[in-house]
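Taking it in order: structure first as structure tokens, then the write-up.
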Amino acid sequence: MNETQGTPAPDSSAPAEPQQLLQIARTAAELAIAAADHATEAVCRSRSGSTLRLEEVMHAAHAHAVEAEKYADWAAGWEADGAAEYVLHRYVTSTVDAAVRAQTAAGVEVTATALRSQLEQPPTAQERAERESERRREEAEEEAAERAATGLDKDNRHLARMNDYYAESAVPELGWTAGHVRVLEAAETGRLYWRDKQARQAARHGQWEGGRKVSSERTRALYGARFLIGARREDGTRVLALSPMGQVALELARLHPEGLYATDREAYEARYSRVAKRYQRSDDKKAAARRLPPLYDGALRFYRRPVTLAEQELQAQRDAAEQWEDEGGYCPGVHTPRPAAEAAAKPTAAARPSAVAPLSAQSGQDLLRRLFAPRRAADPVLDPLRTVIRRPRRTLTPEEREVVQDVPLLNFQGALIMGLADPVPNSSPMPEGDGAWVREHVWPDHFRPTEKRYPWGFHRWSMCERGVCWNCLANRCDLCVHRQKGGPDVDDNRDWVYGPTGHVVSQLILRADDAPCVWWCRCPCAKDGPAPSRKPAPTPTPEPAPQEIPPAKTTRRRAAEQPSQDALF
């Protein structure tokens with residue numbers, strides 16, 4: 001055995017990082033080559049007349065050594081090739097296996113198995129935490145770069161990609177030209193009207209005389225296909241506006257202008273090839289080709305306009321300026337705080353220490369009492385309104401904690417995940433007794449099993465009434481759920497009307513303006529910026545416990561009667 005065969009393996013106590021993996025691959029390749037050289041020297045030193053067996057050993061060891069060199073070379077160039085780290089680990093494992101086979105075939109001491117044990121060593125908890133922190137840092141940097149380049153957050157970038165996909169398939173099927181888009185753009189201004197068999201775009205809104213002429217043929221075709229809707233005035237003028245389908249079609253056409261046809265003739269021929277049937281008469285085929293097809297149902301249902309970060313900021317500022325009570329919504333008869341601009345002008349807010357009472361870290365303390373320890377709510381005057389509206393927090397009473405303790409463990413975990421362990425009911429004109437009667441006598445039977453599994457019910461709570469996330473309850477505000485997600489959880493703000501048999505009979509839109517219902521973790525900790533320190537803060541002076549909030553509330557259907565009090569913007 002030569003000197004190369006005795007090359008020591010890397011220290012098994014060190015973590016298997018990429019550089020160490022490359023060192024293991026090089027060591028394994030050297031061991032395989034040394035084994036092949038040993039087999040070759042054995043053939044050369046043989047004095048017997050027949051060396052057939054030694055030559056077979058030599059060729060087998062040589063083949064395994066070549067294989068080990070190949071995988072070692074692949075491992076050395078993994079970063080230049082753009083391969084993932086798990087691919088590097090696979091290359092190194094193959095190199096070590098080939099080295100073990102080469103030493104076995106050459107009949108030398110199999111020292112490559114020590115390298116295999118080094119590969120199989122699991123990382124320590126500190127190493128896993130460091131890798132996870134590094135992964136999150138890289139994801140945050142990528143997200144910041146994407147936001148700076150596109151002006152959209154992750155969800156809206158996904159919406160934009162999906163809209164591009166819908167546009168590529170929907171726009172060519174419309175059979176439009178650029179002239180159809182110009183007609184819809186004129187209707188988008190609110191100044192398109194039809195009078196005396198001629199479509200015109202008025203010079204000013206409300207002046208339905210004169211103006212620029214618009215193609216009457218295209219306008220008539222778009223109106224017949226329901227891309228335009230009209231309102232007739234007393235003088236016979238029909239004011240034209242975009243229908244919901246027309247608005248979506250216009251947005252898709254702007255996203256994919258390549259799908260528009262150059263001339264009306266090409267657009268007509270494309271529509272003719274799609275609608276003409278062999279059994280139809282020629283006049284029927286031409287009439288069908290002159291009619292514009294509607295937008296296909298998939299694009300109409302799934303298209304959502306992306307909202308930029310600037311638009312989100314402006315919307316949040318408008319909402320904050322409305323002086324919502326305690327950052328949670330306007331309540332009649334309750335004094336509202338000062339606007340955000342006034343509150344933000346207070347320089348003492350940033351210098352004031354945290355108002356959150358630290359939770360006890362004693363290992364023997366009961367889990368539920370540690371999770372639901374009382375905390376002080378943020379000062380509504382000193383804490384300026386943020387870009388996302390936050391709502392006051394609820395503190396469980398000792399009786400309510402006993403109710404939570406009686407919940408099965410699996411349902412308790414579900415309540416923590418969904419923020420239903422400490423929900424905060426909105427104010428409602430319906431007394432709790434009436435709400436209980438509705439849940440008992442009006443709700444369908446299939447609601448009740450799920451409702452009984454959770455300490456305070458399930459179906460009765462809206463998103464904006466959910467409480468504190470499980471990480472903040474465990475005093476891990478640095479891992480707040482909405483800090484991890486980069487924003488609140490938003491409901492689609494729709495519900496269903498059930499018949500006597502429990503079947504859905506219609507859809508109920510809780511708010512006519514489609515305002516979203518939002519769950520924003522009620523912990524007063526920051527949801528963005530640097531993660532808060534895990535060190536316990538100084539214990540503040542205890543304050544009187546807040547007024548107890550009733551644990552139950554009425555059904556979510558009351559939101560149809562008072563939409564302004566049941567949703568966050």
Salt bridge flag under 4.0 Å for residues Glu188 and Arg254 = yes
Chi angles and distances behind the side chain to side chain contact (heavy atoms under 4.5 Å, CB included) call for Tyr454, Met418 = CA-CA 11 Å; Tyr454 296 92; Met418 293 181 289; 3.4 Å; yes
Between Leu420 and Trp456, the two heavy atoms sitting closest are O-CD1, 3.4 Å
Kindly say whether the aromatic ring centers of Phe412 and Trp470 come within a distance under 6.0 Å.
-> no
Run the salt-bridge test on Glu143 and Arg157 with the 4.0 Å N-O cut-off and return the result as yes or no.
-> yes
Can Arg394 and Glu400 be counted as an ion pair, charged N to O under 4.0 angstrom?
-> yes
Distance-only donor-acceptor check, side chains Gln247 and Glu251, under 3.5 Å | yes
For the pair Arg220 and Glu217, find out whether any cationic side-chain nitrogen is under 4.0 Å from an anionic carboxylate oxygen.
-> no
Working to the nearest 0.5 Å, report the span between CH2 of Trp194 and OG1 of Thr237.
-> 12.5 Å
Nearest heavy-atom neighbours spanning Pro392 and Arg522 | O-NH1, 2.7 Å
Kindly check if the number of other-residue, nucleotide or ligand heavy atoms within 6.0 Å of OH (Tyr165) is above 12?
-> no
Minimum heavy-atom distance Arg271-Pro293, with the two atoms named | CD-CD, 3.9 Å
Any side-chain heavy-atom pair from Asp164 and His256 closer than 4.5 angstrom?
-> no
Heavy atoms of Gly230 and Leu240 approach each other most closely as CA-CD2, 3.9 Å
Anything under 30° is parallel, anything over 60° is perpendicular, the rest tilted; go ahead and classify His482 against Trp520.
-> parallel
Might you confirm whether atom CD of Glu209 has over 12 heavy atoms from other residues, nucleotides or ligands at distances under 6.0 Å?
-> no
Give the C-alpha distance, both sets of side-chain angles, the deciding distance and a yes or no for salt bridge (charged side-chain N to carboxylate O under 4.0 Å, His left out) between Arg137 and Glu134.
-> CA-CA 5 Å; Arg137 185 187 63 79; Glu134 180 67 18; 2.4 Å; yes
Does a salt bridge link Lys285 with Asp283, judged by any charged N lying under 4.0 Å from a carboxylate O?
-> no
Angle class for the His180/Trp176 ring planes (parallel below 30°, perpendicular above 60°, tilted otherwise)?
-> parallel
With a cut-off of 6.0 Å (strictly less than), are more than 12 heavy atoms of other residues, nucleotides or ligands near CD of Glu311?
-> yes
Over all atoms of both residues, closest heavy-atom pair of Lys197 and Ser216 | O-OG, 3.8 Å
Between Asp284 and Arg281, is there a salt bridge with N-O shorter than 4.0 Å?
-> yes
Decide whether Gln312 and Asp153 meet the rule of one side-chain donor and one side-chain acceptor closer than 3.5 Å.
-> yes
Should Thr263 and Thr177 count as side-chain neighbours, where that means a heavy-atom distance under 4.5 Å?
-> no
Can you label the angle between the His459 ring and the Phe447 ring as parallel, tilted or perpendicular, going by 30° and 60°?
-> parallel
Criterion side chain to side chain contact (heavy atoms under 4.5 Å, CB included) on Asn156 and Arg147, from CA distance to verdict | CA-CA 10 Å; Asn156 284 283; Arg147 290 194 175 200; over 6 Å; no
Nearest 0.5 Å, what's the CG-CG distance between Leu252 and Leu174?
-> 8.0 Å
Is there a side-chain contact between Cys521 and Val481, using heavy atoms and a 4.5 Å cut-off?
-> no
May I ask you to check whether over 12 heavy atoms, not counting those of His441, lie within 6.0 Å of atom NE2?
-> yes
NZ/NE/NH1/NH2 to OD/OE distance under 4.0 Å, Asp264 and Arg218 = yes
Should the pair Asp489-Lys485 be classified as a salt bridge under the 4.0 Å nitrogen-to-oxygen rule?
-> yes
Where do Tyr166 and Ala299 come nearest, in terms of heavy atoms and distance?
-> CB-CB, 4.2 Å
If you measure from CZ on Arg483 to SG on Cys523, what distance do you get to the nearest 0.5 Å?
-> 10.5 Å
